[in-house]
Amino acid sequence: MDKFRMIFQFFQSNQESFMNGICGIMALASTQLYSAFDFNCPCLPQYNMAYGLGILLVPPFILFLLGFVLNNNISMLAEEWRRPQGQRGKDPAVLRYMFCSMAQRAMIAPAIWVSVTLLDGKCITCAFCTSVPVETLGNASHPLLSQGEIQRVLARIPCKEIYNGQELMANEVAVRYLRCISQALGWCFVLLMTTLAFLVRSLRPCFSQAAFLKSRYWSHYIDIERKLFDETCAEHARSFAKVCIQQFFESMSTDLVAAHCHPPRKTSEDAGEASKKLLGITDQGTMNMALKSWHRCKPPLHLHSPALPSGNGWAGEGQPPVHPSTPRRETAAYYSLV
Amino acid sequence: MDRFRMIFQYFQSNSESVMNGICGLLALASVKMYTCFDFSCPCLPQYNMAYGLGIMFVPPVILFLCGLILNRQSLVMLDEWRRPQGHRKKDLAVIRYMCSSIVQRAMVAPVVWIIVTLLDGKCLICAFSGSMDPEKFVGFANVTPEQVEQLLAKVPCKDDELMRNNTSRKAVSRYLRCWSQALGWSILLILIVAAFLARWLRPCFNQANLLQARHWSNYIDIEQKIFEETCCEHSRLFAHKCILHFFESMRQEIKLHNFNLLREGERDEGEEDLLCGITDQDQVNKLLKTWYYDKPPLDVS
């Protein structure tokens, strides 16, 4: 168990840092995704706003969901939420703590996408280029242009190569104006998020610190218990499989002895370990039969005591389970469940 | 116990260095953020000042708050400040020491941002080009007041059609950059001299109190870490016991339902212990179902 203890301590002490690591990787992935993405404003009046705001708001939503998906603890939360009460009470504070800590981590990558997008400025320029105040920044008295025409011209502001409204509104002026607004929004957004994070983190010790410590302890406990249970089940499965396979080979060997009326070969003392491991199968034909039998007719998931002469390797359903290792007790005592 | 001792020594020696490391990383991040940020002055009379000063002062506030958030010790300090007195007295000197060390570390990244901004000069040029006296510069002296406001606002934008190859623009730009860099270097010099004096003169005042405050603030930090470690260890042991009890109770329930005289088996003792008496598919399924539908109570007495 020492090895398991070391591994669990590593997981426990590093579970937070592991989750923080995933969170940081997603944040970096978010910036990388943005720089790799080839932003292409459509430069058409009806489509600009949809495209610009879509690029601003849809990837954060995807990143948020991805943050939940990549978090291993989501299944733990769901399990704890849906399990029947049974003998163990359910504490909603623990569930709230788990959900809040997961949501906080999942929010980081979307916030970074939105900040980077706003600070870069392309999305807002694309989305709001038709709303630029032409009266103050440009030449509003430009003759013979209907409202629709003006909109069409302004919509081409993000696409410098096809922009043809230099007399109406200088391209650089409009782009600088929109980018300035976008960057101001971006910095305000970052300031808001940081202030919220600071308030959440610093106000918590002032209120309900004891409840927080309790929720944190029990949420870690649930996680450790689940991991330990999985480990114990895996160990049990390994032992089960080992005994099952051992019994299979033994029954094969017994069958062959019965079928061919060969007395079991007596091994000399110095053959020792190796011949014991052969499990009574010592030639090619027997091995082939064992392999074929393993494929065609796997033994039932039912371990029986080797002292019983089962005779037939496929029997076993009718056998009662035996538990030989516990000390012999022949009294009919009632054991209450703990 | 040896392992614990090693871990404690590590935490003791490295708590300060971890915090210094975070402080340094934030300062580097601050420089990187400035170089990555695409500064784009709007070159419009009403917007220049707001944009320029905004870029100079809003990111430092953000960096300061980040410095406070990322520092673990700020939580420890708040905890110590707000806890009920109980059996342990509260020492305000310790809390003040922790607060000042946290704030000093958090101030490094904002100061780096402001200094880099000033030394680069773009922010000040953008913010104050509109406030220049046009009489001092030949190109702007003989222009109407409305136009001069527009022209001066366009000084930060080199590529604007009005400003291309305009020597007066370059003059204004150089003038403002000179002031900006002078301001930047002065602030840097003042801060370094202040830090130097503070570090040199500190032992002359209240050294004993300082040593006490530092010791106890370290102590509170370590105590918090050890408490968390012990809780982890405890919850692991609790879970281990709980699961063992659960398997044992399953084994006993099975034994109860299949009441049989026990037979001697020749199976390996070790394997048997691991199997906990659960030896067929139905029993395993029952165990797993019971684990979900009816978890054992949190009581290992």
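Chain letters run A, B, ... following the sequence lines, proteins first, then strands; residues in each count from 1.
- With a 4.5 Å cut-off on non-hydrogen atoms, B:Ser74 does not touch chain A at all.
- Heavy-atom distances place both the backbone and the side chain of B:Leu65 under 4.5 Å from chain A.
- The cationic group of A:Arg204 lies under 6.0 Å from the six-membered ring centre of A:Phe212 and within 45° of the ring axis, placing it in a cation-pi geometry.
- Proximity to chain B (any heavy atom under 4.5 Å) is shown, for A:Leu178, by neither the backbone nor the side chain.
- Applying the 6.0 Å contact sphere to CE of A:Met107 captures no more than 12 heavy atoms from other residues, nucleotides or ligands.
- Note on A:Asp230 versus A:Arg226: no salt bridge recorded, every NZ/NE/NH1/NH2 to OD/OE distance being 4.0 Å or above.
- The environment of CE in B:Met107 is sparse: at most 12 heavy-atom neighbours from other residues, nucleotides or ligands sit within 6.0 Å.
- For a disulfide, the SG atoms of both cysteines must be under 2.5 angstrom apart; this fails for B:Cys41 and B:Cys157.
- In this structure, chain A has a heavy atom under 4.5 Å from the side chain of B:Met33, while its backbone stays farther away.
- For a residue to count as touching a neighbouring chain, one of its non-hydrogen atoms must lie under 4.5 Å from one of that chain's; by this rule A:Val175 does not touch chain B.
- Heavy-atom distances place both the backbone and the side chain of A:Thr195 under 4.5 Å from chain B.
- Using a 4.0 Å cut-off between charged side-chain N and carboxylate O, B:Arg236 and B:Glu233 make a salt bridge.
- At a 4.5 Å heavy-atom cutoff, the contact between B:Tyr51 and chain A is made by side-chain atoms alone.
- Taking the six-membered ring where the residue is Trp, A:Tyr177 and B:Tyr47 present perpendicular rings, their angle passing 60° and hence far from 30°.
- Contact count versus chain B (heavy atoms, under 4.5 Å) is highest, among A:Arg201, A:Gln85, A:Met193, for A:Arg201.
- Using a 4.5 Å cut-off between heavy atoms, B:Ile69 touches chain A through backbone and side chain atoms alike.
- Taking the six-membered ring where tryptophan is involved, the planes of A:Tyr217 and A:Tyr221 are essentially parallel, since the angle between them stays under 30° and well short of 60°.
- Ranking A:Arg179, A:Gln209, A:Glu172 against chain B, the residue ahead of the rest is A:Arg179, based on heavy-atom pairs under 4.5 Å.
- For a residue to count as touching a neighbouring chain, one of its non-hydrogen atoms must lie under 4.5 Å from one of that chain's; by this rule B:Trp291 touches chain A with the side chain only.
- With hydrogens and angles disregarded, no donor-acceptor distance shorter than 3.5 Å links the side chain of B:Lys122 to the backbone of B:Ser40.
- Contact annotation for B:Ile55: only side-chain heavy atoms (C-beta onward) come within less than 4.5 Å of a heavy atom of chain A.
- Looking at A:Ala197, both its backbone and its side chain come within 4.5 Å of chain B, counting heavy atoms on both sides.
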